[in-house]
Asks: 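Structure provided below as structure tokens; questions to follow.
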Amino acid sequence: MNIKLIAIGKTDSKPLQTLMDEYTKRLSFYVKFDLEVIPDIKNSKNMSEAQQKQKEGELILSKITPTDFLVLLDENGKEFSSIGFSEELQKRMNAGIKTLVFVIGGPYGFSEEVYKNAKGKISLSRMTFSHQMIRLFIIEQIYRGFTILRNEPYHHQ
């Protein structure tokens, strides 16, 4: 299985980028992982919230294929413990999914079209975090999930 993370906008924080690079490198020992960044929408200040979500949605959907298993990081999604998330990863691998795609939307969330194409929604917390921090958190949790599945000493109960 391949895992892809799609996110809107670049990461401005060098320390966050360094940590993301570290966990991406660690993750490469377990699974093929790609982070695809969609550039911020130009002239978004002149767009309504709906127009911005629509444009971002078109860009997100252009990055996925019909066989991808699309999971949105959404505040109304299902919450998991780290062990529960690792079990979810295992379930997706057992199902023979070729590419599992996680998507972090823009500041206003996702368009209806993106929601229609999603096969799941997860929430990392009921709290709100910056889109840049969420990237680090999901990459670390995917890494943690694989270490749990391999019974490696990274995760402690």
Asks: List for me each residue that meets salt bridge (charged side-chain N to carboxylate O under 4.0 Å, His left out) alongside K4, sequence neighbours excluded, and say none if there are none.
Replies: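 K4 satisfies salt bridge (charged side-chain N to carboxylate O under 4.0 Å, His left out) with E36 only.
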
Asks: Going only through I, L, V, M, F, W and Y residues with side-chain contacts under 4.5 Å, is there a path from L16 to L27?
Replies: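 As far as the 4.5 Å side-chain criterion goes, L27 and L16 are connected within one cluster.
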
Asks: Would you say the ring centers of Y143 and F33 fall short of 6.0 Å from each other?
Replies: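 Between F33 and Y143, which both carry aromatic rings, the centre distance is not below 6.0 Å.
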
Asks: So, does D68 use its side chain to make a donor-acceptor pair with the main chain of T65 at under 3.5 Å?
Replies: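 Pair found, side chain donor or acceptor close to backbone of T65.
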
Asks: Can you pull the side chain to side chain donor-acceptor pair (under 3.5 Å) pairs that have at least one residue in residues 118-138, sequence neighbours excluded?
Replies: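 Listed once each, the pairs are T11-R135.
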
Asks: Passes side chain to side chain contact (heavy atoms under 4.5 Å, CB included), E87 versus F85? Steps please.
Replies: CA-CA 5 Å; E87 292 165 350; F85 183 66; over 6 Å; no

Asks: Y108, M133: one ILVMFWY side-chain cluster at the under-4.5 Å cut-off?
Replies: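 Different hydrophobic clusters.
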
Asks: Enter the distance from I38:CD1 to E58:CD here, rounded to the nearest 0.5 Å.
Replies: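 Result: 11.0 Å between the selected atoms.
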
Asks: Report yes or no: do I142 and Y23 belong to one cluster of Ile/Leu/Val/Met/Phe/Trp/Tyr joined by side chain heavy-atom distances under 4.5 Å?
Replies: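 Linked, I142 and Y23 end up in one cluster.
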
Asks: Can you name the residues that form a side-chain hydrogen bond (donor to acceptor under 3.5 Å, both in side chains) with N2, not counting sequence neighbours?
Replies: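 Partners of N2 under the side-chain hydrogen bond (donor to acceptor under 3.5 Å, both in side chains) test: none.
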
Asks: Would you indicate whether the side-chain heavy atoms of Q52 and P107 approach each other to under 4.5 Å?
Replies: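 Contact flag for P107/Q52 side chains = yes.
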
Asks: Quick one: pull up CG in L70 and CG in L72 and give me the separation to the nearest 0.5 Å.
Replies: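 Separation between the atoms: 5.0 Å.
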
Asks: Identify, with sequence neighbours excluded, every residue that meets side chain to side chain contact (heavy atoms under 4.5 Å, CB included) alongside L73.
Replies: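 Side chain to side chain contact (heavy atoms under 4.5 Å, CB included) check on L73 returns F102, I104, I122, L124, I134, I138.
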
Asks: Can you check whether I6 reaches L35 side chain to side chain, under 4.5 Å on heavy atoms?
Replies: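 SC-SC contact between I6 and L35 ruled out.
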
Asks: Going by side-chain hydrogen bond (donor to acceptor under 3.5 Å, both in side chains), name the residues that satisfy it together with E113, two or more places apart in sequence or in a different chain.
Replies: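 For E113, no residue satisfies side-chain hydrogen bond (donor to acceptor under 3.5 Å, both in side chains) once neighbours in sequence are set aside.
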
Asks: Report the residues that fulfil side-chain hydrogen bond (donor to acceptor under 3.5 Å, both in side chains) with S48, sequence neighbours left out, ordered by chain and then residue number.
Replies: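 Checked S48 against side-chain hydrogen bond (donor to acceptor under 3.5 Å, both in side chains); matches are Q51.
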
Asks: Might you work through the side chain to side chain donor-acceptor pair (under 3.5 Å) test for S82 and Q141, ending with a clear yes or no?
Replies: CA-CA 7 Å; S82 293; Q141 282 299 299; 2.8 Å; yes

Asks: Partners of K32 by salt bridge (charged side-chain N to carboxylate O under 4.0 Å, His left out), sequence neighbours excluded?
Replies: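 With sequence neighbours excluded, K32 shows a salt bridge (charged side-chain N to carboxylate O under 4.0 Å, His left out) to D34, given in chain and number order.
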
Asks: Find out if a path of hydrophobic residues (ILVMFWY) with successive side-chain heavy-atom gaps under 4.5 Å connects V114 to V37.
Replies: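 No, V114 and V37 fall in different hydrophobic clusters.
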
Asks: To the nearest 0.5 Å, how far apart are CD1 in I8 and NZ in K55?
Replies: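 Those atoms lie 11.0 Å apart.
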
Asks: Spell out, yes or no, whether F137 and L5 are grouped together once hydrophobic residues are joined by side-chain heavy atoms under 4.5 Å, including indirect joins.
Replies: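 F137 clusters together with L5.
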
Asks: Which ring pair (Phe, Tyr, Trp, His ring centres under 6.0 Å) pairs, counting each pair once, include a residue from residues 109-128, with sequence neighbours left out?
Replies: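 Of all non-adjacent pairs touching residues 109-128, those that pass ring pair (Phe, Tyr, Trp, His ring centres under 6.0 Å) are F110-Y115.
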
Asks: Without placing hydrogens or testing angles, list every side-chain donor-acceptor pair under 3.5 Å for residues 91-101, not counting sequence neighbours.
Replies:
unit_1, atom_1, unit_2, atom_2, d
R92, NE, E88, OE2, 3.4
R92, NH2, E88, OE2, 2.5
N94, OD1, Q90, NE2, 2.8

Asks: Checking K10 now: which residues fulfil side-chain hydrogen bond (donor to acceptor under 3.5 Å, both in side chains) with it, not counting sequence neighbours?
Replies: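 side-chain hydrogen bond (donor to acceptor under 3.5 Å, both in side chains) list for K10, sorted by chain: D12.
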
Asks: Show every donor-acceptor pair shorter than 3.5 Å between a side-chain atom in residues 145-152 and any protein atom, with sequence neighbours excluded, or say none if there are none.
Replies:
unit_1, atom_1, unit_2, atom_2, d
T147, OG1, R144, O, 2.7
E152, OE1, Y30, OH, 2.2

Asks: List in chain and number order the residues that pass salt bridge (charged side-chain N to carboxylate O under 4.0 Å, His left out) with E22, two or more places apart in sequence or in another chain; answer none if no residue qualifies.
Replies: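 Once residues adjacent in sequence are excluded, the partners of E22 under the salt bridge (charged side-chain N to carboxylate O under 4.0 Å, His left out) criterion are R26.
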
Asks: Check the pair L89 / I3 against side chain to side chain contact (heavy atoms under 4.5 Å, CB included), numbers first and verdict last.
Replies: CA-CA 10 Å; L89 289 173; I3 297 179; 4.3 Å; yes

